[in-house]
Enquirer: 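I am attaching a structure below and will ask some questions about it afterwards.
Just so we're clear, the structure is a prediction, and the values are computed from it rather than from any experiment. A note on names: the letters A, B, ... follow the listed sequences, proteins ahead of strands, and every chain is numbered from 1.
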Number of protein chains: 2
Amino acid sequence: MDKPLVKISIRAENQRAIVEAAEAVFAEAGFKGATTAAIAAKAGVPKANLHYYFSTKEDLYRAVVERVLTAWLAAASSFDESDDPREALARYIGAKMDLARSMPLSSRIWATEIMRGAPVIQDFLDTTLAQWVEQRSRIVRRWIADGRVRPIEPKYLFYMIWATTQQYANAAHEMASLENGRPLTDEQFEAAKKQVIETIIAGVAPQTGRRASPSQT
Amino acid sequence: MDKPLVKISIRAENQRAIVEAAEAVFAEAGFKGATTAAIAAKAGVPKANLHYYFSTKEDLYRAVVERVLTAWLAAASSFDESDDPREALARYIGAKMDLARSMPLSSRIWATEIMRGAPVIQDFLDTTLAQWVEQRSRIVRRWIADGRVRPIEPKYLFYMIWATTQQYANAAHEMASLENGRPLTDEQFEAAKKQVIETIIAGVAPQTGRRASPSQT
DNA sequence: GCGGCATTTGACCGTTTGGTCAAATTTATA
DNA sequence: TATAAATTTGACCAAACGGTCAAATGCCGC
């Protein structure tokens with residue numbers, strides 16, 4: 001009576017536990033460095049049991065990466081919540097920062113996968129991501145046409161956003177080392193998020209500054 | 001008679017060839033994934049010969065990482081070539097972008113090392129890098145005090161610069177996928193470099209824009 | 001409570017890998 | 001040219017690894 005709906009199938013629950021353990025081990029040791037024995041141990045199951053659910057290490061890795069992909073897409077959708085450049089960018093950058101902060105392991109696996117040349121998610125790059133970038137680039141270009149963003153190549157803006165937000169997962173250890181070994185506090189992280197958002201927004205804002213209005217030359 | 005000065009010691013030349021091969025293999029396969037056999041093959045020497053010069057794989061990895069560190073420091077020094085925020089940042093970002101472009105393998109190894117928690121360069125993080133950041137942060141704070149940079153935490157600015165420039169090595173494959181499989185041309189890369197520099201400089205510039213001059217409130 | 005299916009698990013195996021070694025060969029020294 | 005030191009290399013080894021397998025156990029509908 002305590003668990004009527006909670007009664008998840010044994011299969012689903014075991015897979016979840018294994019994938020979760022795999023994520024940690026892959027993130028720490030890389031694909032080749034991760035051993036199925038270590039993953040099984042972390043998940044609390046015998047190695048043979050792991051291979052009962054995921055026949056090969058690559059299968060398991062793929063499951064992990066697909067989980068990350070879901071999170072990536074969820075964060076990406078926050079770009080579309082507003083038509084205002086400042087608001088859209090702030091939301092998107094904020095979502096990506098939060099993703100890096102709350103799922104550092106996933107984020108690191110994602111970065112590694114990209115760096116390895118995307119052996120598993122090549123298809124995603126060529127289809128979903130390409131379309132996403134294409135569509136959002138069109139939005140940015142409209143902003144530029146409307147004079148709400150200075151003339152830039154949208155892709156390079158996205159690269160900057162991806163890199164900078166990812167940094168807070170990838171380089172968390174480095175950042176901690178520069179804070180006497182202590183990881184960024186929530187307050188520091190929020191300050192960093194704010195600064196990243198403001199810097200990028202100001203960085204792509206139309207130049208109203210040095211010269212009051214653009215000359216016609 | 002043909003090689004009076006060229007006659008580098010056998011030792012130095014072999015070490016160089018091995019380290020170069022190691023860099024490629026480590027970058028492609030990660031530390032654990034790289035095999036000494038593969039490195040030896042790429043360097044054109046028998047595996048036993050590799051172990052004659054580098055007794056363990058870790059020794060070899062350390063040699064590779066130290067080579068990268070040299071390049072990192074060289075690029076870092078370009079920050080100090082000017083006292084003007086715009087010029088210093090432009091030079092530094094440009095140097096880091098060029099580093100990522102010209103030494104993508106090194107850059108990727110560096111990124112991986114950072115992501116792994118810097119097992120080899122921890123000492124560098126705690127000493128040299130910490131000092132570098134401390135000193136340059138002081139410079140940035142002076143710029144802020146002089147009203148030449150808006151109030152920011154210098155560290156988060158450096159994180160952004162490191163991440164964004166590194167991106168052009170780490171994610172070269174992803175970028176190519178978004179250009180129909182073709183890597184960034186030199187022209188595209190130069191445009192990206194320009195955009196990154198301008199975006200960051202505008203992003204940290206004092207707000208002369210929306211409101212002409214800061215109020216006293 | 002029985003029959004069938006899913007799950008669990010210890011033992012096992014072929015391969016790969018980092019590293020060793022001793023013998024051969026080359027290079028430097030005098 | 002004699003001798004020592006540095007370098008080269010094929011053969012070899014123990015450990016670690018991904019994956020298999022068959023027997024045992026648990027679970028569920030009827």
Enquirer: Scan for salt bridge (charged side-chain N to carboxylate O under 4.0 Å, His left out) pairs involving residues 22-34 of chain A, sequence neighbours excluded, and state none if there are none.
Expert: A/E23-A/R67

Enquirer: Please give the angle, rounded to 10 degrees, between the axes at the start and the end of the helix from C/dG1-D/dC30 to C/dA30-D/dT1, where five pairs define each axis.
Expert: 30°

Enquirer: For C/dA6, does OP1 or OP2 lie under 4.0 Å from any side-chain N or O of A/R11?
Expert: no

Enquirer: Under 4.0 Å, heavy atoms only, any strand: does A/A34 hit a base, just the sugar-phosphate, or nothing?
Expert: sugar-phosphate

Enquirer: Check whether more than 12 heavy atoms from other residues, nucleotides or ligands sit under 6.0 Å from atom CZ of B/R182, and answer yes or no.
Expert: no

Enquirer: Run the ring-ring contact (aromatic ring centres under 6.0 Å, His included) test on A/Y168 and A/W162 for me, step by step, so that the C-alpha distance in whole Å, both residues' side-chain angles and the decisive distance to 0.1 Å come before the verdict.
Expert: CA-CA 11 Å; A/Y168 286 81; A/W162 296 343; over 10 Å; no

Enquirer: Filter on salt bridge (charged side-chain N to carboxylate O under 4.0 Å, His left out), then keep only pairs touching residues 115-128 of chain A, sequence neighbours left out; what's left?
Expert: none

Enquirer: Any ring pair (Phe, Tyr, Trp, His ring centres under 6.0 Å) involving residues 14-35 of chain B? Give me the pairs, sequence neighbours left out, ordered by first then second residue.
Expert: B/F26-B/F31, B/F26-B/Y61, B/F31-B/Y61

Enquirer: Phosphate oxygens OP1/OP2 of C/dT8: is one of them under 4.0 Å from a side-chain N or O of A/Y53?
Expert: yes

Enquirer: For residues 153-164 of chain B, which residue pairs pass the salt bridge (charged side-chain N to carboxylate O under 4.0 Å, His left out) check, not counting sequence neighbours?
Expert: A/E179-B/K155

Enquirer: Can you sort out the partners of B/E134 under salt bridge (charged side-chain N to carboxylate O under 4.0 Å, His left out), two or more places apart, ordered by chain and number?
Expert: B/R138

Enquirer: Can you check the B/K57 NZ to D/dA15 C1' distance for me, whole Å?
Expert: 14 Å

Enquirer: Sequence neighbours excluded and cut-off under 3.5 Å, please list the side-chain donor-acceptor pairs for residues 46-54 of chain A, or say none.
Expert:
residue: A/H51; atom: ND1; partner: A/K47; partner atom: O; Å: 3.4
residue: A/Y53; atom: OH; partner: A/N14; partner atom: ND2; Å: 3.0

Enquirer: Quick one: A/I39 CD1 to D/dG19 C1', roughly how many Å, whole number?
Expert: 13 Å

Enquirer: Provide the full list of salt bridge (charged side-chain N to carboxylate O under 4.0 Å, His left out) pairs with a residue in residues 95-105 of chain B, sequence neighbours left out, each pair given once.
Expert: B/D98-B/K193, B/R101-B/D186

Enquirer: Write down the distance between CZ (A/F31) and C1' (D/dC17), rounded to a whole number of angstrom.
Expert: 12 Å

Enquirer: Strictly below 4.0 Å, heavy-atom distances to any atom of DNA chain D: list the hits from residues 42-52 of chain A, or just say none.
Expert: A/K47, A/A48, A/H51

Enquirer: Provide, to the nearest angstrom, the distance between the CD atom belonging to B/Q15 and the P atom belonging to D/dA6.
Expert: 14 Å

Enquirer: Nearest whole angstrom, please: distance from the P of D/dT9 to the CD1 of B/I10.
Expert: 11 Å

Enquirer: Is there a side-chain polar atom (N or O) of A/N14 under 4.0 Å from OP1 or OP2 of C/dA6?
Expert: no

